[in-house]
Amino acid sequence: MTEARTKINQYLTSLKMNNLKNQLDVILIEAEKEQISYQDFFLQAVEYEFNARQDKALNRRLKQSNLDISKTIENFDFSFQPSISKKMVKQILAFEWLEQAFNLIFLGPPGVGKSHLATAIGLKAIDAGYKVIFISMEDLIFNLKTKNAINKSLRTIKRLKKANLIIIDEIGYLPVTRDESNSFFKLISDFYEQNSLIITSNLGFSRWAEVMGDQVITTAILDRLMHHSEIFNLDGKSYRLENKDNIFKE
């Protein structure tokens, strides 16, 4: 290794440009082969480092999100769920609502695609550079209850508050106590006009008090959730049950 190359490696290490350092031989060989200009060589080198860092950041955001990567927009069955169109989803994926800390709320019975749609939007948000976290209501309540006793729960709550988009799935499946509802309200208040939320629920708003255990707290929660929000009512048959029926018919 030449003295110049040794110094280049030292500088790249000091600048924490290890992606470029590890790929530099390949880039140099290709540049010499193609006889590209100094400017194009430099562009190619910094582009490689930039793209490698972007890929690592994307993978890190994806890993931290808890999202199911199989539930994409591309494999969402719009023909089965006509309550929302591709045009509406395209508008959602412009993410103007996310920039303004607005919320999306998907309501409907089990199996109509609420969680799939929420997850798919979350995946696209990650691709666009946003920090996203998916959490079920059951897990969220557990973390809120134990954040003062379990460090992992406290870290989860802190991560939620730092995310651009929080997806809270399955509100309404399990009842919560009044104290749990109060903790949930405090968290929603922290998110208010600071973070965007996607909420999925199998219950209409008129029935939320049944699972929250307190009408006053429920009203306060809904007041903050709905102030800046777009509400989607998804209906129809359960996709899972429909596919199950098809299996048995074959």
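Between the side chains of Ser229 and Asn103, no donor-acceptor pair of N or O atoms lies under 3.5 Å. Using modelled atom types and a 3.5 Å distance limit, the side chains of Lys21 and Thr13 yield a donor-acceptor pair. Counting only N and O atoms by type, the side chains of Lys56 and Asn19 include a donor and acceptor under 3.5 Å apart. For the residue pair Thr177 and Asp179, no side-chain donor N or O sits within less than 3.5 Å of a side-chain acceptor on the partner.
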Set out, in order, the CA-CA distance, both residues' side-chain angles and the distance that settles side-chain hydrogen bond (donor to acceptor under 3.5 Å, both in side chains) for Ser83 and Gln81, then state yes or no. CA-CA 6 Å; Ser83 301; Gln81 182 45 262; 2.7 Å; yes

Full working for side chain to side chain contact (heavy atoms under 4.5 Å, CB included) between Phe106 and Val112: CA-CA 10 Å; Phe106 296 106; Val112 296; over 6 Å; no

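Each of Ser115, Ser201, Ser136 was evaluated against Asp169; a single residue qualifies, Ser115, per the side chain to side chain donor-acceptor pair (under 3.5 Å) test.
Two different hydrophobic clusters hold Ile171 and Leu234 under the rule that ILVMFWY side chains link at heavy-atom gaps under 4.5 Å. Note on Leu222: it does not cluster hydrophobically with Tyr192, by side-chain heavy-atom contacts below 4.5 Å among ILVMFWY residues.
In this pair, Phe76 and His116 present their aromatic rings perpendicular. The plane angle is above 60°, beyond the 30 to 60° band.
Phe41 is listed as a side-chain neighbour of Leu28, based on a closest heavy-atom distance under 4.5 Å.
Salt bridge absent: Arg61 and Asp127 never bring a charged side-chain N and a carboxylate O closer than 4.0 Å.
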